[in-house]
Amino acid sequence: MAKLPATIFVCQNCGSQSRKWLGQCPDCEEWNTLVEERFRAAPQTKGAGSFSSQFSTSPIAYDTIESQDDARTSTGIDEMDRVLGGGIVAGSLVLIGGAPGIGKSTIVIQMADKLGQNGTKVLYVSGEESERQIKMRGERLGIAADNLFLLPETNLQSILAETAKMKPDLVIVDSIQTVFSEKIESAPGSVSQVREVAAQFMMFAKQTGTPVFLTGHVTKEGSIAGPKTLEHIVDTVLYFEGDRHHNHRIIRATKNRFGAANEIGVFEMTNAGLVPVSNPSELFLQERPENATGSVVTVCMEGTRPMLVEVQALVSGTTFGSGRRMTQGFDHNRASLLIAVLEKQLGFQLAGDDVFVNVAGGMEIDEPAADLGVLAAIASSFRNLQVPPETAVFGEVGLTGEIRGVLQAQARAREAQTLGFKKLILPESNKKGLEKLLGIRVVGVKNLEQAMDELF
Ligand code: TYD
Ligand code: MG
């Protein structure tokens with residue numbers, strides 16, 4: 001076997017390795033991301049060191065394997081169960097990522113509390129806070145924390161030794177960037193450390209059937225340190241979305257081996273921690289202005305859940321030569337394209353106007369089904385005409401101004417009806433049978449012209 005070099009250089013962005021230092025990573029083309037990391041040869045003694053050597057496996061007959069679905073444990077928090085695809089799967093490795101201070105430690109301790117009340121023994125490994133700090137947070141959250149054990153430790157080998165002794169039903173590691181393996185000499189949080197620690201916890205989870213939750217900070221580029229290397233190791237990746245200016249937090253499953261990806265859980269950060277929001281549409285429509293132009297409600301799908309959001313637009317004469325287009329929560333290029341369709345197909349003159357599009361409540365929408373909502377808001381502001389407040393719209397807009405059908409139209413329509421909307425404007429091809437089913441007015445439109453006639 002070829003001798004391994006004593007040191008290698010690892011890109012901290014993508015995990016690519018090189019024997020020499022380079023200014024630019026040849027894989028991800030980032031500059032100054034290569035860091036020297038040392039390898040220490042793994043000890044040759046069997047049975048010690050890595051967790052994997054304590055077990056051996058042999059082939060298992062397919063029909064003797066128990067189905068995993070009954071092995072799901074509820075976290076006791078509905079919104080959390082939803083993003084996990086119905087609860088915690090035995091032996092799964094879950095990564096919870098998010099910006100510092102967004103609520104990662106809060107959600108895991110709340111989960112530990114709920115699980116503890118049902119008799120689940122939880123080990124909470126903390127490398128960031130002392131046991132007293134964790135207790136302080138717990139008291140603030142008013143949790144009883146039966147069956148919760150704290151371990152302020154950052155050495156991977158010690159953590160695995162303690163886990164083997166204690167045999168908890170769930171392990172939480174807060175955060176993965178603070179844990180280090182003795183076998184690798186690079187600093188905690190570096191790509192090789194994070195990868196090794198995650199791999200060891202993966203092996204631990206798979207071989208003992210104990211679920212493991214890891215929390216991880218997101219770098220300023222928006223990825224968990226060594227993103228490509230971590231995200232494919234773990235079973236489930238949950239990302240915290242939200243910002244300082246809003247109280248709601250969204251946990252999104254960007255990857256889930258045991259459930260639908262893109263599923264979201266909505267929470268509100270309060271004095272008593274994160275409170276699940278079971279009806280997000282209500283939350284996002286709460287502050288909708290009455291009798292205002294440029295405000296339209298559309299229906300988006302977040303995973304399997306339909307959600308009503310308010311799209312706002314403002315069209316005003318520009319003070320510069322040519323109009324600016326600015327968007328928040330909606331793709332800028334898509335908005336420019338839609339404005340061009342409006343100009344070409346309906347003859348709107350928007351070249352001399354600034355157009356601003358905003359999705360209220362800090363939401364982000366990125367599906368074509370929102371096209372019609374965005375166009376309706378722009379048209380409403382431009383013409384100074386109001387869209388009736390009890391009307392909701394959705395549909396994809398094509399370049400020739402045709403309105404195309406969208407997925408899960410029925411679920412969207414039902415959500416609008418549930419929230420008291422009396423009229424729906426949607427693609428003609430999605431209309432079938434909906435009016436009878438829901439008992440509200442459903443208007444199918446084929447092109448922008450028809451849509452505009454219906455709206456104003
Ligand atoms: P935390 O869970 O410590 O964030 P992370 O682990 O992701 O870094 O959350 C800290 C923030 O949440 C902090 O700004 C205070 C706020 N917070 C509340 O508003 N209410 C609460 O009950 C708790 C525990 C925290
Ligand atoms: Mg924390």
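Numbering of ligands and ligand atoms starts at 1, following listing order. Position 1 is the first residue of the sequence; numbering continues from there.
Ionic pairing of Arg288 and Glu390 is not present here: no N-O contact between side-chain nitrogen and carboxylate oxygen is shorter than 4.0 angstrom.
Among the atoms of Thr215, no N, O or S atom is found under 2.8 Å from the Mg ion (ligand 2).
Against a heavy-atom cut-off of under 4.0 Å, Ile102 is close to the following atoms of ligand 1: 4 (O), 7 (O). Every atom of ligand 1 is numbered from 1 in the order shown, and the set under 4.0 Å from a heavy atom of Leu141 is 22 (O), 24 (C). Near Pro100, meaning under 4.0 Å from any of its heavy atoms, are these atoms of ligand 1: 8 (O).
No donor-acceptor contact under 3.5 angstrom links the side chains of Asn262 and Glu302, judged on distance only. No hydrogens or angles considered: a donor-acceptor pair under 3.5 Å links the side chains of Ser181 and Gln157. Residues Ser295 and Glu310 have side chains that bring a donor and an acceptor to within less than 3.5 angstrom of each other.
Within the structure, the closest approach of Gly101 to ligand 1 falls below 4.0 Å when heavy atoms are considered.
With a heavy-atom cut-off of 4.0 Å, Asn271 touches ligand 1 through its backbone alone. Proximity of Thr270 to ligand 1, defined as any heavy-atom pair under 4.0 Å, is confined to the backbone N, CA, C and O atoms. Proximity of Lys104 to ligand 1, defined as any heavy-atom pair under 4.0 Å, is shared by backbone and side chain alike. Contacts between Ser105 and ligand 1 below 4.0 angstrom, taking non-hydrogen atoms only, involve backbone and side chain alike.
Separating the CG atom in Leu274 from the CD1 atom in Ile109 is a distance of 12.5 Å, to the nearest 0.5 Å.
Atom 4 (O) of ligand 1 has its nearest heavy-atom neighbour, among Ala272, Gly273, Gly103, in Gly103. The residue among Glu139, Arg137, Met269 with a heavy atom at the shortest distance from atom 12 (O) of ligand 1 is Met269.
Within a 6.0 Å radius of CE in Met166, more than 12 heavy atoms belonging to other residues, nucleotides or ligands are found.
When only non-hydrogen protein atoms are considered, atom 9 (O) of ligand 1 lies nearest to Thr106 OG1, 3.5 Å. Counting protein heavy atoms only, atom 15 (C) of ligand 1 is closest to Arg140 NH1, 4.3 Å.
In this structure, Arg412 forms a cation-pi arrangement with Phe394, its terminal cationic atom sitting closer than 6.0 Å to the ring centre and no more than 45° off the ring axis.
Within the 4.5 Å cutoff, the side chain of Val173 has heavy atoms near those of the Phe201 side chain. Contact annotation: the side chain of Glu268 approaches that of Leu283 to within less than 4.5 Å [non-hydrogen atoms, C-beta and beyond].
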